[in-house]
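A quick write-up on the structure given underneath.
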Amino acid sequence: MSEASNRFDRAIWDTVASIPRGQVLSYGEVARAAGYPRHARMVSKAMSRSETALPWYRVVRSDRTLAFNPDSDIYQRQKRLLEEEGVTFVKGRAVSVESDAKTDLDTLLWGPE
DNA sequence: CCCTTGACTATCT
DNA sequence: GAGATAGCCAAGG
């Protein structure tokens, strides 16, 4: 196992571990925050290589949908873990608790949809 | 070295 | 907004 790839993994792990409860980051955002722009596709692999418990479920697509097949068990598991932290889902998109005022107002006025 | 595979993304129809 | 398309980049065959 080379030093370089190990450094990459650690950077990704640290970044994912730093995502606050009830919030989500996209694969691209994690990669960029870790100091490796354009490495979105490598984030999942790095997380898979982790042996410690990471909040992997707080990482979603850039459009806030989940990366798995909606019919799969893993998709349901991720969705449930997020909902347990207060994250809601509107049209398949994860909406963190810390959403902006406009979204909150619209939701109050028009309901989730 | 070429080709295929992804828990991806930005952009254009 | 859903598809298609073209970039992206490390791994493995």
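Numbers restart at 1 for each chain; the letters A, B, ... are given by sequence-line order, proteins then strands.
Annotation: proximity of residues 64-85 of chain A to DNA chain B (heavy atom, distance under 4.0 Å) is found for A/A67, A/F68, numbered in ascending order. Within residues 21-29 of chain A, the residues approaching DNA chain B are A/S26, A/Y27, A/G28, by heavy-atom distance under 4.0 Å.
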Within the sub-3.5 Å range, which N or O atoms of nucleotides 1-7 of chain C have a protein N or O partner, and how far apart are they?
none

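Per the geometry, NZ belonging to A/K45 stands 9 Å off P belonging to C/dA11, to the nearest Å. Here the C1' atom of nucleotide C/dC9 and the OH atom of A/Y36 are 13 Å apart, to the nearest Å.
Under the rule for a side-chain contact (heavy atoms from CB on, under 4.5 Å), the partners of A/V59 that lie at least two apart in sequence or sit in another chain are A/V16, A/I19, A/Y27, A/V30, A/M47. Remark: A/R41 pairs with no residue by the side chain to side chain donor-acceptor pair (under 3.5 Å) rule, at least two apart or across chains. Listed by chain and number, the residues in a side-chain contact (heavy atoms from CB on, under 4.5 Å) with A/T65 are A/R61, A/D63, A/R93 (sequence neighbours excluded). With sequence neighbours excluded, the residues forming a side-chain contact (heavy atoms from CB on, under 4.5 Å) with A/A46 are A/F8, A/D9, A/I12, A/W13, A/R49, listed by chain and number. In this structure A/D71 satisfies the side-chain contact (heavy atoms from CB on, under 4.5 Å) test together with A/N69, sequence neighbours excluded.
Using a 4.5 Å heavy-atom cutoff, the side chains of A/L82 and A/L66 are in contact.
In plain terms, the two heavy atoms of A/A40 and A/A31 that are nearest each other are N-CB, 3.9 Å. Summarising the geometry of A/A17 relative to A/L54, their closest heavy-atom pair is CB-CD2, 4.1 Å, with the distance given to 0.1 Å. Nearest heavy atoms, A/V24 versus A/S96: N-CB, 4.5 Å. Across every non-hydrogen atom of A/Q76 and A/P70, the tightest pair is NE2-O, 3.4 Å.
Distance check, rounded to the nearest 0.5 Å: OG of A/S50 to NZ of A/K45 gives 15.5 Å.
A side chain to side chain donor-acceptor pair (under 3.5 Å) check over residues 77-87 of chain A, counting only residues at least two apart or in different chains, returns the pairs A/Y57-A/E85, A/R58-A/E85, A/R80-A/E84. Sequence neighbours left out, the pairs with a member in residues 27-40 of chain A that pass salt bridge (Lys or Arg N to Asp or Glu O under 4.0 Å) are A/E29-A/R64.
Along DNA chain B, read 5' to 3', the first and last nucleotides having any atom under 4.0 Å from a heavy atom of chain A are B/dG6 to B/dA10.
Using C1' as the reference atom, C/dG13 and B/dA7 are 22 Å apart when rounded to the nearest Å.
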